[in-house]
Colleague: 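Structure in structure tokens, see below.
Whatever order the structure lists ligands and atoms in, that order sets their numbers, starting from 1.
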Amino acid sequence: MSDSAFGDRAVHIRIDGKRFGDTAVLGSIALDVASGRTVAITGPSGIGKSTLLRIVSGLDHDFEGEVRAPARISPVFQEPTLLPWLTALDNLTVVTGAGTEEAERVMQTVGLENKQAHYPHQLSLGQQRRLSLARAFVSNPELLVMDEPFASLDEQKADEIMALTRRLIEDSGVTAILVTHALAEARALGAETFHLSGQPATLTKGIV
Ligand SMILES: Nc1ncnc2c1ncn2[C@@H]1O[C@H](COP(=O)(O)OP(=O)(O)OP(=O)(O)O)[C@@H](O)[C@H]1O
Ligand SMILES: [Mg+2]
């Protein structure tokens with residue numbers, strides 16, 4: 001990948017406001033994420049974290065302001081969104097268009113090389129999370145957006161998946177934005193951390 005393509009992975013967020021009807025959810029928010037950096041956004045339930053992530057991902061255009069993000073975005077959500085009627089390997093290739101060889105390589109990276117023919121219901125929750133991560137990376141994304149991806153895992157599994165996520169992020173050079181309640185998750189990814197608070201919500205750098 002050329003340097004100029006790598007430079008295009010930066011994210012530029014300038015939101016002046018986001019409302020749902022009469023409710024102003026987001027206020028003025030400015031954030032730049034340089035190529036290859038990982039940023040975490042923490043904040044209490046209902047403050048607007050997922051709303052902000054949907055805007056950054058291009059899923060919500062109904063806001064005041066401007067967002068520039070790379071074209072190839074991979075989302076990772078709290079619940080694994082695997083297709084139950086496809087094998088693990090087909091979950092990596094059919095939706096993403098990735099080739100079998102690439103899918104096999106990524107399955108090996110996440111330690112699922114023996115599970116290619118398994119269906120999602122034949123995998124443990126931790127293995128489903130790892131498969132979801134593999135799917136996020138198999139399409140060689142420029143930006144990874146993660147919305148509470150480590151929730152509802154026991155501590156040991158969460159630690160394992162967080163370490164794996166960090167390794168995949170570092171090896172791929174992807175730019176990453178993590179939204180979470182948990183500061184420990186931001187730390188585990190070595191992320192620069194921002195806090196969302198207030199109504200309408202604004203962003204403060206560092207830990208509050
Ligand atoms: N489609 C919608 N229509 C109306 N209000 C919405 C919509 N989506 C979100 N909201 C409201 O916007 C606010 C922020 O919601 P959001 O899902 O962004 O919060 P969050 O910080 O991600 O919370 P959590 O940590 O619980 O996931 C909430 O008050 C929510 O009720
Ligand atoms: Mg949310």
Side-chain angles (χ1 to χ4, degrees), residues 11-33 37-70 72-83 120 125-126 128-133 135-137 141 143-155 157-159 161-162 164-166 168-169 174-208:
V11 180
H12 171 88
I13 301 168
R14 294 288 180 278
I15 294 172
D16 298 321
K18 163 69 189 174
R19 318 179 64 86
F20 287 112
D22 291 341
T23 311
V25 174
L26 300 179
S28 181
I29 290 176
L31 176 65
D32 290 308
V33 187
R37 298 299 296 271
T38 300
V39 157
I41 297 169
T42 63
S45 181
I47 202 73
K49 302 184 298 298
S50 295
T51 302
L52 175 58
L53 216 51
R54 287 177 56 78
I55 290 173
V56 173
S57 307
L59 298 170
D60 184 348
H61 298 279
D62 184 18
F63 67 98
E64 300 292 319
E66 185 198 33
V67 168
R68 286 203 299 271
R72 284 202 313 279
I73 302 179
S74 271
V76 183
F77 299 111
Q78 179 171 345
E79 295 307 323
T81 52
L82 300 164
L83 300 176
L125 184 62
Q128 290 179 33
R129 293 295 178 94
R130 279 190 269 150
L131 187 59
S132 294
L133 261 187
R135 188 183 51 185
F137 279 95
L143 173 64
L144 184 68
V145 294
M146 298 174 281
D147 196 345
E148 309 270 3
F150 312 117
S152 72
L153 285 173
D154 67 45
E155 204 177 323
K157 277 213 183 59
D159 285 349
I161 307 271
M162 285 190 282
L164 178 61
T165 304
R166 183 170 185 167
L168 286 166
I169 288 173
V174 71
T175 305
I177 301 178
L178 166 75
V179 150
T180 179
H181 292 103
L183 209 50
E185 296 180 1
R187 288 208 186 96
L189 292 193
E192 187 180 3
T193 304
F194 295 84
H195 189 73
L196 205 55
S197 64
Q199 206 214 330
T202 54
L203 213 50
T204 316
K205 187 167 163 38
I207 295 152
V208 179

Colleague: Are there any protein N/O/S atoms under 2.8 Å from the Mg ion (ligand 2), and if so, which?
Modeller: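 Those protein N, O or S atoms (cut-off: under 2.8 Å from the Mg ion (ligand 2)) are S50 OG.
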Colleague: Could you note down all residue pairs passing side chain to side chain donor-acceptor pair (under 3.5 Å) where residues 41-58 supplies at least one of them, sequence neighbours left out?
Modeller: T42-H195, S50-D147
Colleague: Please report the interatomic distance CE(M146) to OG1(T165), rounded to the nearest 0.5 Å.
Modeller: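 One finds 6.5 Å between CE of M146 and OG1 of T165.
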Colleague: Mind checking the NZ-CD spacing from K205 to E192? Nearest 0.5 Å is all I need.
Modeller: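 The CD atom of E192 is 3.5 Å from NZ of K205, to the nearest 0.5 Å.
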Colleague: Side chains of I169 and F137: closer than 4.5 Å at any heavy-atom pair?
Modeller: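 In short, these two side chains touch, coming nearer than 4.5 Å.
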Colleague: In chain order, what residues pass the salt bridge (Lys or Arg N to Asp or Glu O under 4.0 Å) check against E155, with sequence neighbours excluded?
Modeller: none
Colleague: Between CD1 of I47 and CD1 of I41, what distance do you get to the nearest 0.5 Å?
Modeller: 12.5 Å
Colleague: Whether the T81 and R135 side chains hold a donor-acceptor pair (N or O, under 3.5 Å, no angle test) is what I'd like checked.
Modeller: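 Yes, because at least one side-chain N or O of T81 sits under 3.5 Å from a partner of the opposite role on R135.
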Colleague: Measure from every N or O atom of ligand 1 to the protein's N or O atoms and keep only the pairs below 3.5 Å, writing each with atom names and distance to 0.1 Å.
Modeller:
from	atom 1	to	atom 2	distance (Å)
ligand 1	18 (O)	S50	N	3.4
ligand 1	18 (O)	T51	N	2.9
ligand 1	18 (O)	T51	OG1	2.6
ligand 1	19 (O)	G48	N	3.4
ligand 1	21 (O)	I47	N	3.3
ligand 1	21 (O)	G48	N	3.0
ligand 1	21 (O)	K49	N	2.9
ligand 1	21 (O)	K49	NZ	2.9
ligand 1	22 (O)	S50	N	2.9
ligand 1	22 (O)	S50	OG	2.9
ligand 1	23 (O)	G46	N	2.8
ligand 1	25 (O)	K49	NZ	2.6
ligand 1	25 (O)	H181	NE2	3.0
ligand 1	26 (O)	S45	OG	2.6

Colleague: Yes or no on side chain to side chain contact (heavy atoms under 4.5 Å, CB included) for I13 and I55, after CA distance, side-chain angles and deciding distance?
Modeller: CA-CA 9 Å; I13 301 168; I55 290 173; over 6 Å; no
Colleague: Nearest 0.5 Å please: distance from the CZ atom of R129 over to the CG atom of L82.
Modeller: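 Answer rounded to 0.5 Å: 10.0 Å.
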